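What follows is one structure encoded as structure tokens, with my remarks underneath.
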There are 2 protein chains.
Amino acid sequence: MALRHAVLAALLDDEYSGYQLAKAFDISVANFWHALPQQLYAELARLEADGLVVGREVVQETRPNKRLFRVTEAGRAELERFAEAASKPSSIRDDLLVKVQTADRVGTGPVIEQLEQRAAAAGAKLELLGKLLDNMRGDTDEAEYLLRGERVGRYLTCLRGLAFEREHRDWCLRTAAVLRERQQTDAER
Amino acid sequence: MALRHAVLAALLDDEYSGYQLAKAFDISVANFWHALPQQLYAELARLEADGLVVGREVVQETRPNKRLFRVTEAGRAELERFAEAASKPSSIRDDLLVKVQTADRVGTGPVIEQLEQRAAAAGAKLELLGKLLDNMRGDTDEAEYLLRGERVGRYLTCLRGLAFEREHRDWCLRTAAVLRERQQTDAER
DNA sequence: GCATCATACTCAAGAAAGTGACTAGTCACA
DNA sequence: TGTGACTAGTCACTTTCTTGAGTATGATGC
């Protein structure tokens, strides 16, 4: 039930509409919890029914009206409870790893391609996260920001994302190289 | 639907019973796709119904009989198709990250504790994976194994797991340290 | 002037994953 | 003699995630 808490966490920073939340999720929260807009709308409705967030209608002239949500005291207390409860162990859970597992025996070619696409995607995300971090930090240096900056939680999770993407990119490239080399070696025999 | 293919991938190496598969999953495949025994039994039943694996009954004297499964030609073809299909982008998906996101505002204490527990768990897994890799490699060096070793797929996914756990451990320790320092600083004011 | 994009949502259905409880025999140990 | 751990699995249920479609309006581009 962490989507629920991820939404609460995101709303702790700011009031958001479902639509805005979907965008915000895409850039920062998506690092560690991805969700489609439909899920977010559904979750917001449930959170409101449970009294953990409240929505207020904002009438707009030139665009459709929207509902902005903010966390209630009960919502904050729920986050508190959540923080105290045990976390489940994390693991990678990646299609591509399943494919690599058998890549030396079935369908090596397409896997190499996918590894290289992934590496490129990870590289792009890496850059994006780098900029996001620069932005949050402003012109204070990192040590100072970590010690006294605001919203350090978000900064720390982005650091995790950054490390993950870097690691992911490097592994994809290395793995692609290994599989390519092996194809070469096989062909020579 | 990658659990399905993770199971097929695991059965490609060896015949397994559901029970054995659950154990095997726990040590190697779990790096990138975790599942409970019940899920594996259910998946095996579905795979058999679809003709992608076949089971054979093995009568045992001193323990309950078991059914060993192996991949059929259709199963192999299914893996082939799977390898060619696009993979969905991977992300971290971790409870603890959600907690860290708000850790500077709600319940810092328990989050620090959990980070340190996680770091320890990651350290343990790191060691385990290190041993597994040593074991697979035997006494050939890594470059040589990667070029010519058997089951290099499994080796490569374990390398990914290793990097993930190391990164995870380091980040947990650093994050715990940062949050602790901030508590200190806050207390001084 | 028409197409497409952006805002702002909703509904329904289905697939995948996760949880809890339960059966049943064997073996070791104290 | 019973307590717990290990082998080997089954059944039922719930939650979560994904997919696909649909509604409505205004703004932007060619």
Side-chain angles (χ1 to χ4, degrees), chain A residues 1-7 15-26 29-30 32-50 53 55-69 82 85-95 98, chain B residues 1-8 15-26 29-30 32-50 52-53 55-69 82 85-95 98:
Chain A
M1 259 216 300
L3 172 57
R4 165 158 253 229
H5 299 100
V7 169
E15 268 189 334
Y16 283 112
S17 69
Y19 192 78
Q20 291 172 315
L21 191 60
K23 306 239 143 175
F25 244 69
D26 235 33
V29 186
F32 55 92
W33 209 279
H34 166 261
L36 296 170
Q38 292 98 307
Q39 273 177 279
L40 297 176
Y41 283 114
E43 202 54 59
L44 281 170
R46 248 166 301 175
L47 284 167
E48 194 178 23
D50 295 346
V53 306
R56 63 186 181 91
E57 186 89 15
V58 173
V59 179
Q60 299 187 115
E61 297 284 286
T62 77
R63 359 191 124 266
N65 298 343
K66 61 181 172 183
R67 303 198 65 218
L68 292 180
F69 294 91
F82 176 66
S87 310
K88 27 186 107 155
S90 76
S91 69
I92 303 184
R93 187 150 291 232
D94 185 345
D95 270 19
V98 177
Chain B
M1 260 217 301
L3 172 58
R4 164 158 256 226
H5 299 100
V7 168
L8 281 175
E15 265 190 337
Y16 283 113
S17 70
Y19 191 78
Q20 292 171 316
L21 190 61
K23 306 237 144 177
F25 243 69
D26 236 31
V29 186
F32 54 91
W33 209 278
H34 167 263
L36 295 171
Q38 294 98 302
Q39 283 174 273
L40 298 177
Y41 283 113
E43 202 55 60
L44 282 171
R46 248 165 302 178
L47 284 167
E48 195 178 21
D50 295 347
L52 306 185
V53 304
R56 62 185 182 92
E57 185 91 12
V58 173
V59 178
Q60 300 187 115
E61 297 283 285
T62 78
R63 3 192 120 265
N65 298 344
K66 60 182 174 183
R67 304 198 66 217
L68 292 181
F69 294 92
F82 176 65
S87 311
K88 28 186 106 157
S90 76
S91 69
I92 303 184
R93 191 152 288 232
D94 185 346
D95 269 21
V98 177

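In the text below, chain A, chain B and the rest are named by the order of the sequence lines, each starting its count at 1. A quick note: this is a predicted structure, and the numbers were derived from the prediction, not measured.
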- Here the distance between atom P of C:dT10 and atom NZ of A:K66, to the nearest Å, is 15 Å
- Message: Could you report the tightest heavy-atom contact between B:L44 and B:G18, atom names first, then the distance?
- Response: CD1-CA, 3.6 Å
- Apply side chain to side chain donor-acceptor pair (under 3.5 Å) to B:Q60 and list each qualifying residue two or more places apart in sequence or on a separate chain. none
Are there any protein N/O atoms within less than 3.5 Å of an N/O atom in nucleotides 19-24 of chain D, and if so, which ones and at what distance?
from: D:dG20; atom 1: O6; to: A:Q38; atom 2: NE2; distance (Å): 3.0

- Message: Rounded to whole Å, please give me the gap between CG in B:L21 and C1' in D:dA8.
- Response: 13 Å
- Item | Under 4.0 angstrom between A:Y41 side-chain N/O and C:dC9 OP1 or OP2 | yes
- Whole-Å distance, B:R4 CZ to D:dT18 P, equals 18 Å
- Could you check how far OH of A:Y16 sits from P of C:dC9, rounded to whole Å? 14 Å
- Query: Below 4.5 Å, heavy atoms only, C-beta onward: do B:Y16 and B:V53 meet side chain to side chain?
  - Reply: no
- Send over the distance from A:Q60 CD to C:dA6 P, rounded to a whole Å. 17 Å
- Using the closest heavy atom to pick a nucleotide of DNA chain D for each, name whichever of A:E61 or A:A35 lands nearer the 5' end. A:A35
- Item | For atom CG of B:N65 and atom C1' of D:dT7, their distance in whole Å | 11 Å
- Whole angstrom value for the distance that separates C1' of C:dA17 from CG of B:L44: 16 Å
- Item | Heavy-atom pair with the smallest gap, counting every atom of B:A2 and B:F82 | CB-CZ, 4.4 Å
- Could I get the full list of side chain to side chain contact (heavy atoms under 4.5 Å, CB included) partners for B:R4, not counting sequence neighbours? B:M1, B:E43, B:R46, B:L47, B:D50, B:L52
- Query: Who pairs with A:E15 by side chain to side chain contact (heavy atoms under 4.5 Å, CB included), at least two apart in sequence or on another chain?
  - Reply: A:R56, A:L68, A:R70
- Task: For B:L68 and for A:T62, locate the closest nucleotide of DNA chain D by heavy-atom distance; then report the residue assigned to the nucleotide nearer the 5' terminus.
- Result: B:L68
- Note on the structure: Considering only heavy side-chain atoms of A:R67, the closest of D:dT7, C:dT7, C:dC9 is C:dC9
- Item | Given C:dC9, D:dT7, D:dG9, the nucleotide with the shortest approach to the side chain of B:K23 | D:dT7
- Item | A:N65 versus A:E57, closest heavy-atom pair with distance | CB-OE2, 3.5 Å
- Query: What is the distance, rounded to the nearest whole Å, between atom OH of A:Y19 and atom P of C:dA6?
  - Reply: 7 Å
Name the pairs: protein N/O against N/O of nucleotides 14-17 of chain D, kept only if under 3.5 Å.
from: D:dT16; atom 1: OP1; to: A:M1; atom 2: N; distance (Å): 3.4
from: D:dC17; atom 1: OP1; to: B:R93; atom 2: NH1; distance (Å): 2.9
from: D:dC17; atom 1: OP2; to: A:Q39; atom 2: NE2; distance (Å): 3.3

Under 3.5 Å, which donor-acceptor pairs link side chains of residues 35-42 of chain A to any protein atom two or more places apart or in another chain?
from: A:Q39; atom 1: OE1; to: A:L36; atom 2: N; distance (Å): 3.2
from: A:Y41; atom 1: OH; to: A:Y19; atom 2: N; distance (Å): 3.3

- Closest approach of A:H34 and B:S91, non-hydrogen atoms and distance? CB-OG, 4.2 Å
